[in-house]
2 protein chains.
Amino acid sequence: MRPQFLYEKNLQGVANSVKRKQEQYRKIVRHLYYNGAASIAEIVKAVKMSQPLVASLVDDLMGYGMLLDNGVGESIGGRRPNLFCINSEYQYVIGVDINLHTLNLAVFDLSNKQIFREETKYFDLENSDEYLNSLIEKIESMISQLGIPREKYLAVGISIPGLVDAKQGLSHTHLSVAENGLARVLGDRLGINVLLDNDARTMALGEKAFGKAIDKENVLCLNLSNGIGLGMILNGELHSGKNGFAGEFGHILIDPEGKLCYCGKIGCLETLTSGKILVKNIREAVDNGQPTLLASYKKENRKIDLRAVVEAILQGDQFAIDQLNQMCEYLGKGLVTLIHLLNPEMVIIGGKIAHAGKFVIDPVTMSMNKYAMSRISSETELVCSDLLDDSALMGTMANVMRSVLSLD
Amino acid sequence: MRPQFLYEKNLQGVANSVKRKQEQYRKIVRHLYYNGAASIAEIVKAVKMSQPLVASLVDDLMGYGMLLDNGVGESIGGRRPNLFCINSEYQYVIGVDINLHTLNLAVFDLSNKQIFREETKYFDLENSDEYLNSLIEKIESMISQLGIPREKYLAVGISIPGLVDAKQGLSHTHLSVAENGLARVLGDRLGINVLLDNDARTMALGEKAFGKAIDKENVLCLNLSNGIGLGMILNGELHSGKNGFAGEFGHILIDPEGKLCYCGKIGCLETLTSGKILVKNIREAVDNGQPTLLASYKKENRKIDLRAVVEAILQGDQFAIDQLNQMCEYLGKGLVTLIHLLNPEMVIIGGKIAHAGKFVIDPVTMSMNKYAMSRISSETELVCSDLLDDSALMGTMANVMRSVLSLD
DNA sequence: ATTACTTTTAAAAAAAATTATAAAAGAATT
DNA sequence: AATTCTTTTATAATTTTTTTTAAAAGTAAT
């Protein structure tokens with residue numbers, strides 16, 4: 001019985017024995033995917049099945065081409081073990097990272113390597129059939145360019161901003177033109193299964209699988225770009241809430257006497273800290289003659305956007321640093337609320353502002369020290385992502401594999 | 001092989017076959033505990049084992065006295081099924097609900113019935129060996145009074161306020177005199193396994209097992225008494241955070257220009273909403289001649305405490321209701337933050353203030369409507385606990401059984 | 001190099017669990 | 001009341017999985 005390795009998991013009408021065997025296959029593949037090449041003996045320990053059984057299952061999987069012999073490993077005092085690994089070319093995953101103005105596409109093999117990567121700038125997200133069509137066109141052209149047969153694609157993982165109900169495959173904020181749900185519409189048109197989630201949550205999955213959250217159980221991932229997104233790993237699992245609305249960190253109340261937010265409420269964190277506000281404030285200051293590196297950027301006719309601001313900060317521009325510090329004070333306040341509520345072991349800052357590195361970490365840390373109960377906050381490490389701009393894209397891969405290899 | 005039914009789960013040095021059999025027993029007992037009497041056929045469906053196997057395991061368990069024949073059930077079109085249920089007298093659980101001024105003790109049988117219940121007032125919690133000794137004495141006297149042999153007690157579940165690291169069995173805030181950790185010290189002295197957790201989290205477990213959170217996956221439980229506690233069920237699991245510090249809802253920032261909190265920070269939610277503040281404000285008002293039912297209580301030399309205030313509210317006392325409303329406005333603000341972050345399906349209010357029923361629910365709902373993004377808040381139901389003062393005690397039972405019957 | 005000890009792998013024997021089959025007990029229909 | 005159809009339970013047959021045993025392939029020490 002060929003390994004299905006996918007959404008057929010809960011297929012009804014299939015004999016129990018088939019389901020059982022598929023689950024055994026999945027356990028082995030799962031271990032090899034998450035831990036790399038291993039010997040039969042190692043797999044036995046990890047999957048809690050007997051050695052003859054594991055040996056025969058591995059044999060099957062080799063026969064189907066899903067696993068490969070990976071030579072012999074080092075001895076630890078006896079016969080040297082035969083190692084096995086996943087055939088990274090057995091299947092592929094398409095990753096789609098949708099941003100407000102940019103589209104990132106990638107194709108991953110089963111060793112998580114990007115065998116294709118493309119960034120399309122000025123690909124502005126809008127709720128129209130045209131956008132949907134050109135998105136599909138982009139993916140199709142990538143598929144035909146690569147020449148890999150369609151059935152080799154395990155799934156398409158998508159990251160998109162806004163409110164997303166991953167379970168149902170719905171995107172509420174963007175691309176609601178897809179009437180039967182974005183995941184289904186894209187899946188039908190591409191002929192490949194589609195898995196959808198919100199950008200911040202996808203980033204969190206990326207960090208958990210490939211970034212600083214590996215082996216951590218309670219991690220918060222902030223997506224600091226134009227807005228503020230939050231993806232949470234709690235008890236080792238992604239938290240999405242009842243409808244997938246969890247993580248609206250940008251709209252928690254920070255200043256009751258603050259400004260009106262576009263969400264209709266007053267004093268939201270996003271009215272005080274966000275890439276958008278930072279850029280806006282700096283642009284105004286430049287117009288008012290504030291001396292800063294960014295003023296010279298403007299003279300050179302370079303656009304003052306978030307990327308430029310971060311660049312100026314990294315070059316030590318005092319005014320931009322001051323502006324960032326001010327925002328980090330508020331961000332720290334907000335984070336303290338999070339930490340008090342959730343007691344995470346790590347907070348990872350991602351998004352465009354994460355490029356500023358210690359220029360964000362340090363002032364946020366200071367602010368947290370000021371506002372948090374130290375017994376709690378001292379348990380939480382604050383770091384910048386090292387996946388940076390790749391975290392959402394890597395997250396789509398992580399999301400697909402998590403779904404495919406889940407054990408229930 | 002006798003069913004161990006307990007902490008021996010991960011015992012090393014035991015043959016794999018024994019572990020497997022114990023797990024099979026556990027699956028069956030688990031189903032019967034959580035779903036009540038069932039036929040072999042029903043169990044087969046639930047535990048995904050074959051009918052002959054389940055039949056033989058049930059046979060074993062009956063032989064050990066853990067299960068009982070529960071007669072024949074109704075036919076649904078064929079032979080009437082034999083039903084089996086847990087022998088509720090096979091083992092017992094001791095529940096200990098430690099409050100600042102009261103101690104609640106109970107002994108549960110395996111049908112969750114309290115076969116013993118005792119409330120001790122004026123049992124003031126303090127960090128002393130005397131307290132520890134008298135607590136143990138109380139438990140011991142209960143044990144000898146009941147005459148059930150010690151080995152019949154599965155475990156002692158404890159609920160205690162403050163910071164608790166359940167995994168390690170440590171109580172940081174209270175009873176830190178127990179040097180090797182409260183759970184171990186008590187366990188050694190009582191000769192029974194001890195399971196510890198924070199009061200708000202224990203309440204959440206109680207609500208999930210026996211209250212309004214049954215069958216819900218994302219539920220927040222507020223313990224509104226003198227302080228504010230929060231227990232969270234996320235993705236169907238209790239969330240404790242890295243060190244068990246999660247749930248410090250009382251110390252999130254609400255009013256940056258507010259009062260100093262005893263925790264050292266400014267403008268914490270607990271400086272604005274808490275039973276303590278409510279009572280304090282009302283006492284001051286009474287002293288200043290405010291007309292209210294509670295003034296007459298004072299004349300009758302009755303103490304104005306939280307219980308009295310709630311009673312006055314239920315009798316329609318306008319001043320007390322006003323005071324509560326004011327607090328609920330802040331509480332609603334705080335809850336909005338929670339809901340935006342976690343997108344729960346339900347928020348359950350427990351603790352002494354929950355006795356006020358709609359007098360809390362209505363103003364909090366109003367406040368939430370005012371401050372929340374309606375798309376998110378409309379997905380969350382706000383209710384009062386119906387376990388009320390029993391929720392923590394019931395939670396200790398839930399906690400023990402959850403631990404005993406967990407499947408990993 | 002020889003010997004003793006390990007670990008890994010394979011194969012045979014034993015045990016466990018499932019599927020298939022049949023019998024028992026009752027419901028529904030004629 | 002007799003017949004047919006269900007569901008439940010018990011038993012037998014078969015398959016699956018594990019345990020046991022042995023062989024293969026290496027390390028480490030004498």
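Every chain is numbered from 1, with letters handed out A, B, ... down the list of sequences. Basis for what follows: all heavy atoms, side chains included, without hydrogens, waters or symmetry-related copies.
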*What's the spacing between A/D390 CG and A/R117 CZ if we round to 0.5 Å?*
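The CG atom of A/D390 sits 4.5 Å away from the CZ atom of A/R117.
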*Over all heavy atoms of both residues, which pair between A/V72 and A/N82 is shortest? Give the atoms and the distance, please.*
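The pair with the smallest heavy-atom distance is CG1-OD1, 3.3 Å.
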*Grab the two heavy atoms, one from B/G211 and one from B/D386, that are nearest each other, plus how far apart they are.*
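Shortest heavy-atom contact: CA-OD1, 4.3 Å.
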Side-chain donor/acceptor of [X] to backbone N/O of [Y], under 3.5 Å:
X: A/E23; Y: A/R20; value: no
X: B/E42; Y: B/S39; value: yes
X: A/K152; Y: A/Y90; value: yes

Between [atom2] on [N] and [atom1] on [X], what's the gap in Å once rounded to a whole number?
X: A/I40; N: C/dT7; atom1: CD1; atom2: C1'; answer: 14 Å
X: B/M49; N: C/dA16; atom1: CE; atom2: C1'; answer: 13 Å
X: B/Q22; N: C/dA16; atom1: CD; atom2: C1'; answer: 16 Å
X: A/D59; N: C/dT8; atom1: CG; atom2: C1'; answer: 15 Å
X: A/I43; N: C/dT8; atom1: CD1; atom2: P; answer: 12 Å
X: B/Y25; N: C/dA17; atom1: OH; atom2: C1'; answer: 14 Å

*asked:* Here's a test of your reading of the structure: between A/S17 and A/Q51, which maps to the more 5' nucleotide of DNA chain C?
replied: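 Closer to the 5' end of DNA chain C: A/Q51.
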_Residue closer to the 5' end of DNA chain C, A/K45 versus B/R79 (nearest nucleotide)_ =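 Mapping each residue to its closest nucleotide by heavy atoms, the 5'-most match is A/K45.
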*Is A/Q24 touching bases, backbone alone, or none of the nucleic acid, heavy atoms closer than 4.0 Å?*
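Sugar-phosphate, backbone atoms only, no base.
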*What is the nucleic acid contact for B/S75, judged by heavy atoms within less than 4.0 Å: base, sugar-phosphate only, or nothing?*
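The answer is sugar-phosphate, as B/S75 gets under 4.0 Å only of primed atoms, P, OP1 or OP2.
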_Reading DNA chain D from 5' to 3', where do the contacts with chain B start and stop? Cut-off is 4.0 Å to heavy atoms._
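Range of nucleotides within reach of chain B: D/dT6 to D/dT19.
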_With side chain to side chain contact (heavy atoms under 4.5 Å, CB included) as the test, pick out the partner of A/L205 among A/M394, A/M397, A/R402, A/M401._
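When A/M394, A/M397, A/R402, A/M401 are each tested with A/L205, the side chain to side chain contact (heavy atoms under 4.5 Å, CB included) holds only for A/R402.
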*Considering only C/dT8, C/dT19, C/dT18, which nucleotide approaches the side chain of A/A41 most closely?*
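My answer, after comparing the listed nucleotides, is C/dT8.
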*Between C/dA17, C/dT18, C/dT7, which nucleotide has the shortest distance from any of its atoms to the side chain of A/I76?*
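Selected nucleotide (nearest to the side chain): C/dT7.
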